[in-house]
Amino acid sequence: MFAFLKRLDVRVCLIYGTIAALWIIASDSIFNQLFADNPTVLNTLILIKNSIFIVFTSLILFVFLSKQQSSKSEHETHRFDAYDTLIEGVQIIDHDWRYLYLNASATQHSHYSPGELIGYTMMEKYPGIEASELFAIMQSCMTNRVAQQMENEFVYPDGSQ
């Protein structure tokens, strides 16, 4: 029922909102007691206090989220390291057919460098591949989540096999 609460960003927002509400209610109450007789000073202090609170908590959130993002990027760069030493070709393709990763063996077979493939779709690098038996099997694997085996003789755009 509350599965959305497992996401870190939602939890951070809920915690921040709770702390902000408690801070504003408590501090306004204290300021009202101290400066009730002088509304001009009261309003000025509340404005300054709330502005400082917003700036301070925004900086804290910025630092926190920046660290989260940098640790995500670090994780992204290392998540495929286990495949780097395999002699079998490994290529990881997302559901849009975009290359996310190729190990050295896959790069050798592809006739492209990793920089020439990563971020591009298979169709961009191998025009017409979507009409091949290989693509049909790969599409079936992606859709049905069932592995299949095949032997394929691939014709590259330059005509080599």
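- Hydrophobic cluster of Phe56: the remaining members, joined at side-chain heavy-atom separations below 4.5 Å, are Ile60, listed by chain and number.
- Of the inter-residue distances, the one linking Glu88 atom CD with His109 atom NE2 reads 9.5 Å to the nearest 0.5 angstrom.
- Of all heavy-atom pairs between Leu86 and Val90, the closest is CD1-CG2, 3.9 Å.
- For Cys141 against Val146, the heavy-atom pair with the smallest separation is SG-O, 3.3 Å.
- Taking each heavy atom of Ile137 and Met150 in turn, the nearest pair found is CD1-SD, 3.3 Å.
- The two residues Leu102 and Ile118 have their closest heavy-atom pair at CD1-CG1, 4.1 Å.
- Note that OG of Ser29 is 13.5 Å distant from CD1 of Ile24, once rounded to the nearest 0.5 Å.
- Annotation for Glu133: atom CD does not count as buried by contact number, only 12 or fewer foreign heavy atoms lying within 6.0 Å.
- Smallest separation of non-hydrogen atoms from Thr107 and Ser113: CG2-CA, 3.9 Å.
- Here the straight-line distance linking atom CZ of Phe135 with atom OG of Ser140 works out to 12.0 Å at 0.5 Å rounding.
- Alongside Leu42, the hydrophobic cluster contains Ile30, Phe31, Leu34, Phe35, Val41, Leu45, Ile46 (criterion: ILVMFWY side chains under 4.5 Å).
- A continuous path of hydrophobic side-chain contacts links Trp23 to Tyr16 [ILVMFWY only; heavy atoms under 4.5 Å].
- Within the 3.5 Å criterion, the main-chain N or O of Arg98 finds no donor-acceptor partner in the side chain of Asp96.
- Each of Ile48, Asn50, Val55 was checked for a side-chain contact (heavy atoms from CB on, under 4.5 Å) with Ile52, and the lone residue meeting it is Ile48.
- You'll find the side chain of Lys49 reaches within 4.5 Å of the side chain of Asp28, heavy atoms only.
- Residues Tyr99 and Pro114 have side chains not in contact (no heavy-atom distance under 4.5 Å, counting atoms from C-beta outward).
- Atom-to-atom distance recorded for Leu100:CG and Ile92:CD1 is 7.0 Å, nearest 0.5 angstrom.
- The number of heavy atoms from other shown groups lying within 6.0 Å of CD1 (Ile87) does not exceed 12.
- Here the side chains of Trp97 and Glu124 are not in contact, with every heavy-atom distance at 4.5 Å or above.
- Taking 4.5 Å as the limit, every side-chain heavy atom of Gln91 sits out of range of all side-chain heavy atoms of Leu117.
- Of all non-hydrogen atoms in Ile93 and Met122, the two that sit nearest each other are CD1-SD, 3.5 Å.
- Geometrically, Lys125 engages Tyr112 in a cation-pi contact defined by less than 6.0 Å to the ring centre and at most 45° from the axis.
- In the hydrophobic clustering of ILVMFWY residues, with side-chain heavy atoms under 4.5 Å counting as a link, Met123 and Tyr120 come out apart.
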